[in-house]
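Here is how names work: the chains are called A, B, and so on, in the same order as the sequence lines, proteins then strands, and each is numbered from 1.
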Protein chains: 2
Amino acid sequence: MAQSNPPFMSGVPELLLLQLLNEQEMYGYELVRSIKTVTRDAISLGEGVIYPVLHSLERNGSLKSKRKAVGGRTRVYYTLTRKGGARLEKLQDDWRRIQGGVATALAGSANA
Amino acid sequence: MAQSNPPFMSGVPELLLLQLLNEQEMYGYELVRSIKTVTRDAISLGEGVIYPVLHSLERNGSLKSKRKAVGGRTRVYYTLTRKGGARLEKLQDDWRRIQGGVATALAGSANA
DNA sequence: TGAAATACCTTTTAGTTCAAGGTATCCTGC
DNA sequence: GCAGGATACCTTGAACTAAAAGGTATTTCA
């Protein structure tokens with residue numbers, strides 16, 4: 001039946017979004033540029049990645065959104081729910097675990 | 001035409017394999033268990049991940065293999081080529097970049 | 001008026017990883 | 001002498017993620 005676990009590496013886009021939205025509400029287009037800035041260009045995620053993740057997080061109750069008209073354009077602002085906060089903590093833990101795992105491996109013969 | 005870049009997070013299995021093989025020659029089954037050990041259980045990759053990566057690395061000239069009969073079983077030992085060494089360095093850099101990127105983002109409002 | 005930036009979104013394609021299954025040998029205990 | 005578990009190789013099929021590209025519409029500014 002092959003019920004796959006989520007690929008162990010994934011969820012970084014999701015992690016970054018939740019992290020930023022935990023600090024302040026933002027809208028999609030803003031998040032696209034924020035991620036680039038905040039990671040000092042190390043990570044650049046296009047709109048085709050951001051919007052689908054945003055929508056799925058809202059669907060599962062991790063985010064809530066609010067439309068605001070600014071000038072003539074509409075912006076959709078997102079904020080974390082309590083569930084989103086829990087999700088963020090889980091993803092942070094996951095990340096630290098695998099980051100630590102890779103670091104240990106890389107330390108193998110290196111410098112030291 | 002959508003000529004995709006490899007997903008920015010990927011290549012961690014490849015990185016771990018190359019790293020371990022850079023330290024000493026190993027065979028597939030051994031690598032499966034080594035990765036689990038060396039990452040202190042943070043990362044566990046099955047044979048279905050390891051063998052295909054091994055084969056594709058050999059195909060593109062990053063690894064070379066040598067069969068050895070041990071008892072009645074055959075082991076296929078892999079070692080890095082020069083090209084594999086270069087590939088390892090590239091993946092290490094990639095990893096450090098994205099790791100740094102995520103770290104910067106996570107540092108945002110945290111503890112400090 | 002026309003190009004670039006802002007702002008939303010979806011669809012298509014490609015790529016990776018996962019679980020599971022398949023073969024065969026060896027060793028241990030019974 | 002044979003059953004079961006560990007060793008050792010491998011492939012297949014499904015699931016999931018993320019990348020790229022395209023599509024609409026408005027605003028700003030030259």
Side-chain angles (χ1 to χ4, degrees), chain A residues 1-17 25-37 39 43-60 63 65-78 91 94-95 98 101-102, chain B residues 1-17 25-37 39 43-60 63 65-78 91 94-95 98 101-102:
Chain A
M1 240 128 247
Q3 62 107 24
S4 272
N5 280 337
F8 75 98
M9 289 294 309
S10 68
V12 169
E14 190 184 340
L15 170 58
L16 294 175
L17 287 183
E25 66 170 13
M26 290 194 191
Y27 55 97
Y29 195 75
E30 188 183 10
L31 283 160
V32 171
R33 287 168 311 174
S34 261
I35 286 176
K36 214 166 129 60
T37 304
T39 64
I43 300 173
S44 178
L45 301 173
E47 299 171 42
V49 175
I50 297 304
Y51 286 114
V53 175
L54 245 20
H55 298 157
S56 94
L57 284 173
E58 184 173 21
R59 238 178 296 130
N60 79 23
L63 297 179
S65 68
K66 194 171 21 175
R67 291 190 164 266
K68 289 189 194 177
V70 179
R73 298 190 209 83
T74 301
R75 292 175 179 170
V76 184
Y77 281 88
Y78 292 91
L91 289 177
D94 287 353
W95 173 256
I98 80 110
V102 175
Chain B
M1 240 125 251
Q3 62 110 24
S4 272
N5 280 337
F8 74 100
M9 286 295 307
S10 68
V12 169
E14 191 184 340
L15 169 59
L16 293 174
L17 288 182
E25 67 169 13
M26 290 195 191
Y27 55 97
Y29 194 75
E30 188 182 10
L31 283 160
V32 170
R33 285 168 312 173
S34 261
I35 285 177
K36 213 167 130 58
T37 304
T39 65
I43 301 173
S44 178
L45 301 173
E47 299 170 41
V49 176
I50 297 303
Y51 286 114
V53 175
L54 244 20
H55 298 157
S56 93
L57 284 172
E58 183 172 23
R59 239 178 294 129
N60 78 22
L63 297 179
S65 67
K66 193 170 26 170
R67 292 189 163 266
K68 290 188 190 176
V70 178
R73 299 189 209 84
T74 303
R75 292 176 179 169
V76 184
Y77 281 86
Y78 292 91
L91 288 178
D94 287 353
W95 174 256
I98 80 110
V102 175

Item to complete: Return the value, rounded to whole Å, for the distance between atom CD1 of B:Ile43 and atom P of C:dT16.
Response: 17 Å
Discussion item. Assess whether a salt bridge exists between A:Glu25 and A:Lys66, defined as any Lys/Arg side-chain N lying under 4.0 Å from an Asp/Glu carboxylate O.
Written reply: yes
Worksheet entry | A:Leu16 side chain reached by A:Leu31 side chain, heavy atoms, under 4.5 Å | no
Worksheet item: Quick one: does A:Leu45's side chain get under 4.5 Å of A:Val53's, heavy atoms only?
Response: no
Worksheet item: Of all heavy-atom pairs between B:Thr39 and A:Gly101, which one has the smallest distance, and what is that distance?
Response: CG2-O, 3.6 Å
Worksheet item: Can a side chain N or O of B:Arg33 be found less than 4.0 Å away from OP1 or OP2 on D:dA8?
Response: yes
Worksheet item: In whole angstroms, how far is the P atom of D:dA21 from the CG atom of A:Leu45?
Response: 16 Å
Practice prompt. Nearest whole angstrom, please: distance from the C1' of C:dT6 to the CE of A:Met26.
Written response: 16 Å
Item to complete: Indicate the atoms forming the closest heavy-atom contact of B:Gly28 with B:Leu54, along with that distance.
Response: CA-CD2, 3.9 Å
Which pairs, protein N/O on one side and nucleotides 27-30 of chain D N/O on the other, fall under 3.5 Å?
| from | atom 1 | to | atom 2 | distance (Å) |
| --- | --- | --- | --- | --- |
| D:dT27 | OP1 | A:Gly72 | N | 3.2 |

Worksheet item: Going from OH on A:Tyr78 to CD on A:Glu30, what distance comes out if it is rounded to the nearest 0.5 angstrom?
Response: 12.5 Å
Worksheet item: Are B:Leu17 and B:Leu63 close enough that some pair of their side-chain heavy atoms sits under 4.5 Å apart?
Response: no
Worksheet entry | Euclidean distance, atom CD1 of residue A:Ile50 to atom P of C:dT6 [Å, nearest integer] | 16 Å
For nucleotides 8-10 of chain C, list the nitrogen or oxygen atoms of the protein found under 3.5 Å from its nitrogen or oxygen atoms, one pair per line.
| from | atom 1 | to | atom 2 | distance (Å) |
| --- | --- | --- | --- | --- |
| C:dC8 | OP1 | A:Val76 | N | 2.8 |
| C:dC8 | OP2 | A:Gly28 | N | 3.4 |
| C:dC8 | OP2 | A:Tyr29 | N | 2.6 |
| C:dC8 | OP2 | A:Tyr51 | OH | 2.9 |
| C:dC8 | O5' | A:Tyr51 | OH | 3.4 |
| C:dC8 | N4 | A:Glu47 | OE1 | 2.5 |
| C:dC9 | OP2 | A:His55 | NE2 | 3.2 |
| C:dC9 | N4 | A:Glu47 | OE1 | 3.3 |
| C:dT10 | OP2 | A:His55 | ND1 | 3.4 |

Worksheet entry | Atom-to-atom span, NZ of A:Lys68 to C1' of C:dT6 - whole angstrom | 17 Å
Practice prompt. To the nearest 0.5 angstrom, please state how far the CZ atom of B:Arg33 sits from the CD atom of B:Glu47.
Written response: 9.5 Å
Worksheet item: A:Leu31 CG to C:dT6 P: how many Å, rounded?
Response: 15 Å
Item to complete: Please report, rounded to the nearest Å, how far the C1' atom of C:dT17 is from the CG atom of B:Leu17.
Response: 13 Å
Fill in: Partner residues of B:Tyr77 under the ring pair (Phe, Tyr, Trp, His ring centres under 6.0 Å) criterion, sequence neighbours left out
B:Tyr27
